[in-house]
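To start, the structure itself, in structure tokens.
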Amino acid sequence: MKNVEKADRIHLGSLIDSLEKGQYVIPDFQRDFEWEPWDVLELIRSIFMDYYIGTLLLWKGNKENFDVLSCEAIYGFNSNLDPQHIVLDGQQRLTAIHYAFFAPNEPFPKRSKPVIYLINIRDLLEEDYENFIYYDYLTNKNKVFLENKNLQFENHIFPLGEMKGGTWGTSDWIKEYRDYWQDKADEAESEKEKKEFLKYVEGARVFRDIIKELLNDFYISYIELDHQIEVAKVCDIFTKINSKGVRLDIFDLLNAILRPKEIFLKQMWRDAEELLSFTDTKKMKIYVLQVMSVLEQSYCSSKYLYYLVPNSQKTIRKADGSKEQITLIENTEKFNERWYQSVKALKNAIESLKNPRDFGAVKATFVPYPSIIPAFAAIKEYVNETKPNNILDINKKIRKWYWASIFTNRYSSSVESTTAKDFMSLKKWFKDENETPEVIEEFINNFKHLDLKNDNPKGSAIYNAIFNLLVINEARDWNNFELPEYNELDDHHIVPYSIFKDEGGKAINSILNRTPISDVTNRHIINNRMPSDYIQEMFNNNDKNEVYKVFESHLISRHAIDILLRKPFTKTDFDEFLEERKRTILEAIQTQLINDKISIPIHLKHLNEEIEEIELAIREKIVSIIGKDMENYKLYIPQHIQDKVNRRIESDIKKKATAKIEDYNNFNKRIEFFDLTEYLDVITSKNNWDKFSNLFKDKNNLNHRFDQLRTLRNGIRHSRSISEIEQMDGEVAIKWFKSIL
């Protein structure tokens, strides 16, 4: 296997020589030199004190690589370049060394004048490491100072810019410094002066040894990437670097690479930023690229993002073991098309997360994992592109995967590989019921063991997920009993923190003691009062059953209310309340997130209950008229319905470890797997209408009533908006069926 990287080191003298020749170049995607003068000072101090200053990451250059990355000289370099290495990590350090040791006549960034670095030789020899080096601006006075060596010698100040001459150039300055003081000693009139001047002569020799050792024995480590490595791999290596320099990401790298192709990524992001600002994450611009990559190639780590560059060649291994070169994005137009598609997919995903009836993350602070958004957006866009027939089933699967991922903390680490894995496994699950992702089973098996009392504090994914569940459950306002303005919601204490913090301990801040309430309601209803006071006041001023319903929408059961009303309210009562609310919340997770039974809005619950009663009555009527025997079932139930029921039963058996096919061998059991449309098909089929015509009279009218009932039922149970007319028609159908059945 070809060695693609080499760890090595270079001594400071060779590094200075390479800097002088212009052998290190900076890729265009790197930000400007952003250190302050004192940052440079600290780096040089570290070098003189023989401290480790980090490892450089260099890419052995060739013309193609220099062109691809639009490489430029280090800041302050003003001679002819001889590029050898592209600096991937270490730009700030190398530029600092160059600026300090070469003293270019360039203003320090964000300053009006150049900065010079100076060493006090006497302080250095006395090992005064705090004060031996300092910097100053290149004023007219300092220009005179730099031009007058005798003035430098007199003050024992060594301009660090002299080191640009390397060992020989620096030695010349030190020799002149030594000779200056030797001449002074020779001319001295007193023994005391002579002794003092000879001390400086000896100091010059020690200083020379320090500089010589510094240039020859201080090593800077570096990793050199071979020039033949593909850009995609370099992208991956580069984005995993984490040094003391300015942190860069793959977006900056791709911005530089795409610019020659007339793709201005930064401007495209500026245009899209406002649309995707909900989660307030700096990573959103990377998420756009990740969604593009997942849709194109299922993967989204940094090395794969490079293949989004138009005409980039990707090597893939085919099933027979052979390799093939493919291009994912053929041209600029295709890149732009995919970019805007991904922006739209992310916007739709965010809107879905914000929707109080879908995922309940009504505020950015209550998004459980922003890192799941690329996977969520990509899979929803895949479904949008492929337009499968079983869209309702697929949306349920996406919903279950989402909650499973949140409650298992799946997106807390290894996000890019998890995104790729989930995208591929969900596509398989959409096509094959048996390909259930492992995370679903993990969620189902482990959610009951969640420690909602002590773990999962405010801001954690699971805390936010339960807050989302309360919003989905249409937690009502405690003041006017209506749905609140979701942008005004926050999570407030049920048992007030200010009163019960000592008795409640850590659990006082748990999600079990918090619920979505507006600030206004918190001030006017709770108002730092115990529940026994404010709940009793709610009961006194309102219908008691309506108050109970409001608290039920917050997953606070009647038993929990009874506990909260106790006087005095003790630590034991508090713990009992938390346990009861935990039971209610876990039950809601089971019902709404695992079993996927949507929580019905309060104003529609009575209609849903009436529809359920009608469905049960229709089942009973069909079985009683056709007969309970399986022979009658096979004879009178249309074959297409029997086929669907068989598939549903097979799926149900797989989910239940103890279930057997024999358990389903009666009509009463099998009709549980019919839907509303199939009841109608059974009743109105040619073989059966004569049996039901005396009951329902008019087939056309029956079809019409079923349509009205189905529209209302589906609107309620699938969280669709229901118009006033649709609700009225549904209510008429309910009354009609009740009169018949």
Side-chain angles (χ1 to χ4, degrees), residues 2 4-5 27-29 59 62 64-70 86 88 225-241 248-266 268-269 272 283-319 321-346 373-375 377-379 381-382 385 414-424 427:
K2 180 165 66 70
V4 295
E5 62 181 53
D28 180 75
F29 61 81
W59 188 12
N62 59 31
E64 181 184 352
N65 296 340
F66 296 142
D67 291 343
V68 166
L69 298 184
S70 305
I86 298 170
L88 294 178
L225 305 179
D226 189 274
H227 70 278
Q228 293 182 353
I229 299 180
E230 359 174 280
V231 179
K233 184 167 185 180
V234 172
C235 292
D236 191 40
I237 295 170
F238 171 75
T239 52
K240 291 177 180 175
I241 299 167
L248 297 171
D249 55 38
I250 187 65
F251 186 89
D252 300 296
L253 182 59
L254 287 177
N255 178 62
I257 295 173
L258 289 167
R259 203 156 53 190
K261 299 179 182 292
E262 298 295 311
I263 297 173
F264 303 101
L265 208 55
K266 284 187 177 179
M268 292 167 73
W269 167 243
K283 294 182 178 178
M284 190 57 75
K285 60 185 178 182
I286 304 295
Y287 291 171
V288 181
L289 296 169
Q290 288 178 342
V291 172
M292 289 175 67
S293 184
V294 170
L295 292 172
E296 286 290 343
Q297 54 189 331
S298 297
Y299 298 97
C300 63
S301 62
S302 299
K303 63 182 177 183
Y304 288 100
L305 297 188
Y306 171 73
Y307 297 121
L308 298 176
V309 176
N311 295 317
S312 293
Q313 294 288 301
K314 178 182 179 181
T315 303
I316 61 169
R317 190 181 296 276
K318 297 194 290 186
S322 62
K323 295 181 179 179
E324 180 185 0
Q325 294 273 319
I326 64 168
T327 300
L328 298 179
I329 306 286
E330 298 89 0
N331 50 47
T332 297
E333 290 72 23
K334 176 74 178 293
F335 181 93
N336 290 338
E337 177 188 324
R338 282 306 198 189
W339 168 272
Y340 293 119
Q341 177 192 19
S342 297
V343 168
K344 185 178 178 182
L346 283 163
I373 292 176
I379 199 63
E381 181 60 19
Y382 166 79
E385 273 194 307
S414 305
V415 172
E416 292 164 353
S417 59
T418 302
T419 297
K421 183 177 180 181
D422 284 359
F423 183 75
M424 290 185 281
K427 289 200 297 183

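Only heavy atoms go into these numbers, but all of them, side chains included; no hydrogens, no water, no symmetry mates. Sequential numbering from 1 along the given sequence is applied to the chain's residues. What you see is a predicted model; the values in this text were computed from it and never measured.
- Within 6.0 Å of the NZ atom in K314, the count of heavy atoms belonging to other residues, nucleotides or ligands exceeds 12.
- S293 and L305 get closest at one heavy-atom pair: CB-CD2, 3.5 Å.
- Annotation: side chain of R338 is not in contact with side chain of F335 (no heavy-atom distance under 4.5 Å).
- Between Q290 and P374, the shortest heavy-atom contact is OE1-CG, 3.5 Å.
- A donor-acceptor contact under 3.5 angstrom links the side chains of T327 and Q313, judged on distance only.
- Heavy-atom neighbours of K334 NZ from other residues, nucleotides or ligands within 6.0 Å: above the threshold of 12.
- Between I329 and L308, the closest heavy-atom pair is CG1-O, 3.4 Å.
- Annotation for E324: atom CD counts as buried by contact number, over 12 foreign heavy atoms lying within 6.0 Å.
- When atom types are taken as modelled, the side chain of Q297 and the backbone of Y304 share a donor-acceptor pair closer than 3.5 angstrom.
- Evaluation of the ring-ring contact (aromatic ring centres under 6.0 Å, His included) rule for Y307 yields no partner, not counting sequence neighbours.
- Heavy-atom contacts from other residues, nucleotides or ligands closer than 6.0 Å to CZ of F423 number more than 12.
- Note: W339 and W269 have perpendicular aromatic rings, judged against thresholds of 30 and 60 degrees for the angle between ring planes.
- Ion pairing between E385 and K427 fails under the 4.0 Å rule for side-chain N and carboxylate O.
- Atom CD1 of residue I257 and atom OG of residue S312 lie 8.0 Å apart, to the nearest 0.5 angstrom.
- Residues V288 and S342 come closest through the heavy atom pair O-CB, 3.6 Å.
- Here the closest non-hydrogen pair linking D226 and W59 is O-NE1, 3.0 Å.
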